[in-house]
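Each remark here refers to the structure printed beneath this line.
Within every chain, numbering begins at 1; the chains are lettered A, B, ... in the order of the sequence lines, protein sequences first and strands thereafter. No experiment lies behind these values; they were computed from the predicted model shown.
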2 protein chains.
Amino acid sequence: MVTIYDVAKEAGCSPTTVSKAFNNYSGVSDATFKKIMEAADKLGYTVNTNARALATKKTWLLGVLFSEDVNTGIAHPHFSEILQSFQVRAGEYGYDVVFVNKRLGNREASYLEHCKYRGVDGVLLAANKMFTDEIQSVLSSEIKCVSVETNYPNQHTVISDNRMGSLQALEYLYFLGHRKIAHIACPLTSVAGQERYSAYKEFLKSKGIEENPKYLVETNAFKAEEGIAAATQLLQQAWDDLPTAIYCGYDEIACAAMTTFRAQGFRVPEDLSIVGFDNVAISGFTTPTLTTIEQDRGAIGRNAADTLIKMIEGKELNQPLDMRIPTKLIVRNSCARI
Amino acid sequence: MVTIYDVAKEAGCSPTTVSKAFNNYSGVSDATFKKIMEAADKLGYTVNTNARALATKKTWLLGVLFSEDVNTGIAHPHFSEILQSFQVRAGEYGYDVVFVNKRLGNREASYLEHCKYRGVDGVLLAANKMFTDEIQSVLSSEIKCVSVETNYPNQHTVISDNRMGSLQALEYLYFLGHRKIAHIACPLTSVAGQERYSAYKEFLKSKGIEENPKYLVETNAFKAEEGIAAATQLLQQAWDDLPTAIYCGYDEIACAAMTTFRAQGFRVPEDLSIVGFDNVAISGFTTPTLTTIEQDRGAIGRNAADTLIKMIEGKELNQPLDMRIPTKLIVRNSCARI
DNA sequence: TTCTTGAAATAAATCCTTTTATTAACATTA
DNA sequence: TAATGTTAATAAAAGGATTTATTTCAAGAA
């Protein structure tokens with residue numbers, strides 16, 4: 001391996017000077033700088049990150065931590081898009097992204113141990129189970145964190161504006177003339193579930209519509225199967241007075257519910273209008289295509305990277321940040337005027 | 001930071017012994033071993049990867065390299081699933097996964113430079129553009145590589161059995177009575193495109209069906225829009241003698257083509273049977289749901305990890321490995337007996 | 001009792017950079 | 001001319017682990 005000693009010898013100066021040159025420190029004349037760079041090029045020198053990190057205690061590494069109980073992990077379409085833009089933006093600042101898991105060499109370990117082991121400068125947190133000891137211990141350590149799925153008290157968060165999105169969906173249905181609007185809520189253990197549900201209640205109140213418990217179904221997971229069960233349950237409990245529209249907290253659930261309704265003989269959107277949330281890939285391909293709320297995952301990832309790096313580089317954020325990324329209504333074909 | 005010196009003092013032994021204990025080397029008595037572990041626990045010691053890597057020249061880091069010109073990057077559903085299983089398996093062996101990009105600190109760099117900079121022990125290559133200088137330079141360096149999208153000459157590859165999958169799709173159509181089978185090929189610049197196309201030709205030959213150039217359309221990208229264009233083109237060029245079935249090299253293209261055909265008044269599957277390839281999420285949600293070929297992405301990721309780690313750990317693979325992962329026919333509703 | 005042998009333990013060197021003092025050389029000011 | 005200041009360059013220590021070569025010590029053999 002080529003070291004700064006080799007470069008120094010080639011350039012006819014000391015290793016210290018080579019180091020300074022590569023770090024753009026002052027105290028290196030233009031002539032020497034040039035000689036050093038030429039020597040480095042010639043020898044094919046690359047700085048050794050490990051030695052550098054050892055000396056500086058800075059790794060230029062950001063950890064990504066996602067709960068693996070969601071067995072899809074990175075493969076989750078929502079998160080993978082956030083991760084993609086996070087990773088690109090982090091790269092622009094010179095940071096690399098590494099996955100944090102619950103292992104250390106050949107044994108089980110905690111996330112925190114893993115972070116310390118790798119010496120990450122900061123962590124992107126993407127856990128949708130809100131509170132686990134594992135994650136708490138990372139949050140309460142001195143490691144810088146930004147969360148993109150859940151907003152933890154006193155922690156920096158970058159997350160979609162669930163209230164805004166819900167109101168966009170609901171106002172649209174209201175505009176189309178709907179007054180009997182049901183809600184299939186995504187899991188209330190998640191922040192998304194909670195916020196979308198409470199926006200639903202807020203909306204009804206603001207329009208002077210009374211809450212009807214028969215128009216509410218709660219699901220237990222962000223999965224298609226839950227949509228089938230929810231649709232069935234909704235039909236049962238509201239049989240005598242069916243809603244004309246459904247606001248559904250998550251696209252996959254909405255799509256599965258839509259299929260179920262159609263299988264029961266309902267026409268969408270003629271008999272039943274449906275709005276989803278998330279704008280995942282499938283929603284553009286269902287019959288009918290799904291009207292939904294788009295999350296700006298690129299913006300979430302980028303802002304998360306910006307925030308995390310600001311913290312790392314000591315630009316103090318004066319208060320825990322709860323950044324909300326605006327959502328957008330995507331009108332397709334699953335809603336009709338009543 | 002707690003070091004082996006601190007642990008040594010606490011345990012009443014030398015740093016060397018602590019190091020040996022943590023590496024499970026011989027020459028540490030049971031009693032001392034126990035004392036060391038207790039001391040380490042008490043002080044909250046974690047080994048410093050950077051120091052270790054500096055001394056051993058081994059980082060326990062695997063790089064993931066994917067061409068970013070596919071602007072979706074990790075967010076691509078196919079690749080993100082492979083990556084997920086790769087990452088989990090690598091973790092079981094004690095390796096962490098880091099993204100490799102084309103930057104180094106604040107300047108542009110090559111993939112190879114980045115790999116050397118991070119000192120990765122090996123690289124997972126997921127580029128579908130076959131040959132670029134960038135990638136060639138990594139392949140011809142001494143860095144261990146496994147490829148999961150493209151099979152490069154004399155390199156280890158883990159990839160789906162495109163021939164098998166194609167024949168499964170085509171035999172199924174044949175079994176349903178179809179003889180006029182068209183092919184919408186995915187980009188022939190990709191290995192997937194090439195192999196699926198050549199299997200199509202092989203199939204026709206084996207059945208004694210003459211190749212009809214009107215029944216072939218080539219696309220330029222793995223994108224839905226290409227499916228629309230391809231469907232339109234197919235209808236134009238084969239208008240006088242339409243095929244009864246279409247084997248389509250990629251699901252998204254198949255779905256978009258299907259939508260286009262239906263918009264033109266064709267019934268699927270009554271007028272036209274369609275088979276895709278990949279089993280991406282949307283194919284279970286289209287109308288009709290799409291019959292397709294499933295790739296075992298979990299197996300690809302796991303086998304890639306196994307292979308790469310074997311290479312790293314010096315278990316020589318006697319020859320460049322071209323591992324083919326079996327595919328599976330998923331029968332849904334887009335095909336009918338003629 | 002002395003000598004061997006082997007296991008357990010350690011000292012010191014090494015891996016490559018960064019950083020903190022220092023030094024050297026030269027220009028400026030009084 | 002002497003004193004001061006500035007810039008360029010360097011020597012040496014530090015960072016935390018591993019590794020090689022030694023040493024220590026106790027048990028077994030002669």
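Proximity note for B/Ile4 (side chain, C-beta onward) versus D/dA17, C/dT17, D/dG16: the nearest is D/dA17. Of the candidates D/dT18, D/dG15, C/dT19, D/dT18 carries the atom nearest the B/Arg52 side chain, counting heavy atoms from C-beta on.
Within the 3.5 Å criterion, the main-chain N or O of A/Gly91 finds a donor-acceptor partner in the side chain of B/Arg103. Not a single donor-acceptor pair under 3.5 Å links the side chain of B/Asn303 to the backbone N or O of B/Ile300. Between the side chain of A/His156 and the main chain of A/Leu308, no donor-acceptor pair closer than 3.5 Å is present. Remark: the backbone N or O of B/Ser110 is paired with a side-chain donor or acceptor of B/Glu113 at under 3.5 angstrom.
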For this session: Given salt bridge (Lys or Arg N to Asp or Glu O under 4.0 Å), test A/Glu108 with A/Lys102 step by step and report yes or no.
Result: CA-CA 6 Å; A/Glu108 282 288 313; A/Lys102 279 167 107 170; over 6 Å; no

Problem set entry | Evaluation steps, salt bridge (Lys or Arg N to Asp or Glu O under 4.0 Å), between A/Asp306 and A/Arg89 | CA-CA 8 Å; A/Asp306 288 345; A/Arg89 178 61 69 101; 2.9 Å; yes

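Nucleotide D/dA17 holds its C1' atom 15 Å from the CH2 atom of B/Trp60, rounded to whole Å. In this structure, A/Phe22 atom CZ and C/dT19 atom P are separated by 16 Å, rounded to whole Å. Taking atom NZ on B/Lys58 and atom P on D/dT18, their separation rounds to 13 Å, with Å as the unit. For the pair A/Lys116 NZ and D/dG16 P, the interatomic distance rounds to 13 Å; values are reported in whole Å. Look at OH on B/Tyr117: it is 14 Å from C1' on C/dC16, rounded to the nearest Å. D/dA17 atom P lies 9 Å from atom CG of A/Leu54, rounded to whole Å. Distance, B/Lys9 NZ to C/dA11 P: 14 Å, rounded to whole Å. When rounded to the nearest whole Å, the span between CG of B/Asn48 and P of C/dT17 equals 16 Å.
Under 4.0 angstrom from either OP1 or OP2 of D/dA17 there lies no side-chain N or O belonging to B/Ser19. At least one side-chain nitrogen or oxygen of A/Asn23 sits closer than 4.0 Å to the OP1 or OP2 atom of C/dT18. Look at B/Lys57 and you won't find any side-chain N or O under 4.0 angstrom from OP1 or OP2 of D/dT18. Side-chain nitrogen and oxygen atoms of B/Tyr5 include none within less than 4.0 Å of the OP1 or OP2 phosphate oxygen of D/dA17. Between A/Tyr45 and C/dC16 there is no side-chain polar atom (N or O) within less than 4.0 angstrom of OP1 or OP2.
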With 3.5 Å as the limit, what N/O pairs link the protein to nucleotides 6-10 of chain D?
| from | atom 1 | to | atom 2 | distance (Å) |
| --- | --- | --- | --- | --- |
| D/dA9 | OP1 | A/Ser29 | OG | 3.4 |
| D/dA9 | OP1 | A/Thr32 | OG1 | 2.8 |
| D/dA9 | OP2 | A/Ser29 | N | 3.0 |
| D/dA9 | OP2 | A/Ser29 | OG | 3.4 |
| D/dA9 | OP2 | A/Thr32 | OG1 | 3.1 |
| D/dT10 | OP2 | A/Ser14 | N | 2.7 |
| D/dT10 | OP2 | A/Ser14 | OG | 3.1 |
| D/dT10 | OP2 | A/Thr17 | OG1 | 2.9 |
| D/dT10 | O4 | A/Lys20 | NZ | 3.1 |

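Note on ring orientation: taking the six-membered ring where Trp is involved, the planes of A/Phe66 and A/Phe79 are tilted (angle from 30° to 60°).
Counting any heavy atom pair closer than 4.0 Å across all strands shown, A/Thr49 reaches no nucleic acid atom. Using a 4.0 Å heavy-atom cutoff across all strands shown, A/Asn50 reaches no nucleic acid atom at all.
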